[in-house]
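Have a look at the structure below before the remarks.
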Amino acid sequence: MDQQELIELSGTVDSVIYKNEANGYTVLRLRDGDDQRVTVVGCFPYAAPGETMLLTGFWSTHSVHGRQFKAEFAQRLMPSGAKAIYEYLAGGAVRGIGPATAALLVDRFGDKTLEVLERSPEQLAAIKGISAAKAEQMSKSFRSQAGVRRLMEYVCSFGLRPVLAMRLYKYYGPEALELLRNNPYILAAAHIGGSFAEADTLAMAEGVDSRSRDRIDAAVVFELAHNSGNGHCFIPRDKLAAATCQLIGVEAEDAEESIDRLAENGRLVQEEAAGVLACYLPELYEAEKDAAERLARMCGKKSRQRADLPKLIGELESRLGIHYAQRQKETLRLALENQLLVITGGPGTGKTTSIRAILALYDRLGYKTLLTAPTGRAAKRMTELTGREAATVHRLLEAKFDEDGEKVVFSKNEKDRLDCDAVILDEASMVDITLMDALLRAMPPEARLLMVGDADQLPSVGPGNVFSAIIRSGTVQTVRLTEIFRQNEGSRIVRNAHMINRGEHPDLSENAGDFFRLRRLEAAGSVETIAELCAVRLPGKMGIPPQDIQVLTPTRRGELGTANLNKRLQAALNPPSKEKREKAFGEAVFREGDRVMQIRNNYDILWRNAANTLTGSGIYNGDIGRILSIDPDAETVTVDFDGRIAYYGFDALIELEHAWAMTVHKAQGSEYRAVILALGQSSQMLLTRDVLYTAVTRAKELLILVGDDRTAYQMIDNFRQTKRYNALRYRLRKLCGAS
């Protein structure tokens, strides 16, 4: 049956098979009206045998568990009658009540047991063996469940997601329902995770005035948060007001008043910056302002180190068996003299050589140097290239969720700083303003910072354009590497990447060396060619195994998007087998042997190494792994992330997606032996020069363009870079006294 064709199912809970107390996800057996037991999955916090449910959802067939009912919405009725109440309480529905206590309660209060449990705990204490403290604890547990259930019934009655009720209750407790009724727009708060549309649906259904202050304020904050996801640190006041008017159809005067009101109560910050009246979310304002101040202080500091540099360089050359070019010697001098140094350049220009040289220099001087990069793949590559352990910035700063589990905090900060004399940050173009601020806060005041990256690649996914802004400010000592070194001169990947970056059209018909183009004018033909390359041609003819091949595409949608490509590549590279267990989740089927990617930072997920001698926590956005096993009984999926073995409950699979194909944005900071780039028509926002340049520079040994070469030329000519509103460059110039 089509998943959109919702039907109703009613019955009594017979048993609970699995439950996740954090998000309410539950698998249970329901005894329906025909006295048949059926499997039901959905969000039913505190579900217990004996309660009655009226469900709306659809039937599906699971590859392992068979036929089951997926409930989208649920109306839940508490059990009535002494027998049903006993079964409910004896089944462990309420913490502190087991079969024996349930029998005592039902014997004393009968049909009124649940009413007494909720409202009159003092009556419970009259029963022998139940103390006043225990009675209050049982009543509190039951009231909590009742509160969540009422809140969930209210939320679901408007067609909204049940998980929102869980988050509301977790954050606001027993007051959540009343607060939500008074102001439905708390649903759209960042810590709750609802969209503005969901909150607005509830508000309009409850008769909230379309020009209410709560509605307009929520719309303004939503626009700021939404646009931070598009890379903006702030929005100019006039544009913010206009966007709010367009979103909810109010007058400009209403939006302007809301902006002033929010500024007065601290929910946004207004400040003249970069020639406009900028409106910030408070946390982004603080991050940008603080990062600028710390960077400016570092810019003004020159090292007191009085080492004999020519002698040191001679010693390094002799020990390492290399000869530094004059440009590299100059870079070493700047790294010695400056507390803050930026090195930028395209592929093959010597960025890695510079990192090694500066690291060797710092080692010779006795500096304790930490190596870091924004992603796990980039940190691993840094480790391989330097022979020294590198960590992601999040791991370096010991990122974790706060006590509420909603906000990321860093254990390393100005109160507990990193133990180091220097930090070398690679792939710096990927670092957003909040992460840069966190790193700077954690560094000792006198520690050096070396930032290395390619300013022409795509900017960070998060807000800001930090690396580019620092370089363009003209206030930070910057080394620009432009010369292609001899060992890279023969690489067409390197040559063509530099041509693309200059806006020139390389000859794509010249299939030779490490750069090839397979022209396909139809998307379906491109898909089949890509599958054949990965499964047959590259492994068979060039000795490149599938695990060393990465398919990239500008988009997630369409025939050449990641969703479709991953389905086709899964069929080609890891087809169904009786020996491989699998788990259907949403639109995807996860199978043992699949290549998968973590799509959000999870600081709490536990992992161990293969030898079980080392454990830790944290799997991060962009980490690539392989599914080792699927256990349908324990409902877990085991994934190997480059030697870190992590375990996912079935409900946590929302954090994984297949990764044979990924977007160019997701591939930032990574390097692959072979890259296949799928090129087809897509949004002009995605078909840009920096997207093509970033894709090409991900390939180490081989790059194959599959599709229409006219698309490649169109991307080269599309130098339209989306403007990101941020004032880091402005702040640095102002703080450093630059004209």
Exercise. Ion pair present between K380 and D642, side-chain N to carboxylate O less than 4.0 angstrom?
Worked result: yes
Exercise. Can you tell me if Y672 and R377 form a side-chain donor-acceptor pair at under 3.5 Å?
Worked result: no
Exercise. What distance do L396 atom CG and L371 atom CG have between them, rounded to the nearest 0.5 Å?
Worked result: 9.5 Å
For this session: Quick one: pull up CD1 in I619 and CZ in R395 and give me the separation to the nearest 0.5 Å.
Result: 7.0 Å
For this session: Please confirm whether the backbone N or O of N612 pairs with a side-chain atom of N609, one donor and one acceptor, at under 3.5 Å?
Result: yes
Exercise. Can a donor-acceptor pair be found between the side chains of R29 and S15 at a distance below 3.5 Å?
Worked result: no
Exercise. Side chains of T711 and Q681: do they bring a donor and an acceptor to under 3.5 Å?
Worked result: yes
For this session: For S629 and R581, test the side chains for any donor-to-acceptor distance below 3.5 angstrom and give the result as yes or no.
Result: no
Problem set entry | salt bridge (charged side-chain N to carboxylate O under 4.0 Å, His left out) between R644 and D623, worked out | CA-CA 11 Å; R644 290 173 294 145; D623 285 354; 3.3 Å; yes
Exercise. So how far is it from K666 NZ to E657 CD, rounded to the nearest 0.5 Å?
Worked result: 6.5 Å
Exercise. Got a donor-acceptor contact below 3.5 angstrom from the Q550 side chain to the W660 backbone?
Worked result: yes
Exercise. Strictly by modelled atom types, are Q598 and N621 linked by a side-chain donor-acceptor pair under 3.5 Å?
Worked result: no
Exercise. Does a donor on one side chain sit under 3.5 Å from an acceptor on the other, for N602 and E655?
Worked result: yes
Exercise. Do any N or O atoms from the side chain of D34 and from the backbone of Q36 form a donor-acceptor pair under 3.5 angstrom?
Worked result: no
For this session: Please answer whether the main-chain N or O of F515 pairs with a side-chain N or O of R492 as donor and acceptor at a distance below 3.5 Å.
Result: yes
For this session: Fit a plane to each ring of F590 and F585, take the angle between them on a 0 to 90° scale, and name the class: parallel (under 30°), tilted (30 to 60°) or perpendicular (over 60°).
Result: tilted
For this session: Could you tell me whether K700 and D514 make a salt bridge, using a distance below 4.0 angstrom between a side-chain N and a carboxylate O?
Result: no
Exercise. Taking atom types as modelled and ignoring hydrogens, do the side chains of Q714 and Q684 form a donor-acceptor contact shorter than 3.5 angstrom?
Worked result: yes
Problem set entry | Sidechain N-carboxylate O distance under 4.0 Å for E592, K580 | no
For this session: Working to the nearest 0.5 Å, report the span between SG of C534 and CD of Q547.
Result: 11.5 Å
Problem set entry | Lys/Arg-Asp/Glu bridge criterion (N-O < 4.0 Å) met for E635, K583 | no
For this session: Please find out if less than 6.0 Å separates the ring center of F196 from that of H226.
Result: no
For this session: Using modelled atom types only, decide if a donor and an acceptor are shared between the side chain of N564 and the backbone of L560 within a distance under 3.5 Å.
Result: no
Exercise. Any donor-acceptor pair under 3.5 Å linking the side chain of R591 with the backbone of N574?
Worked result: yes
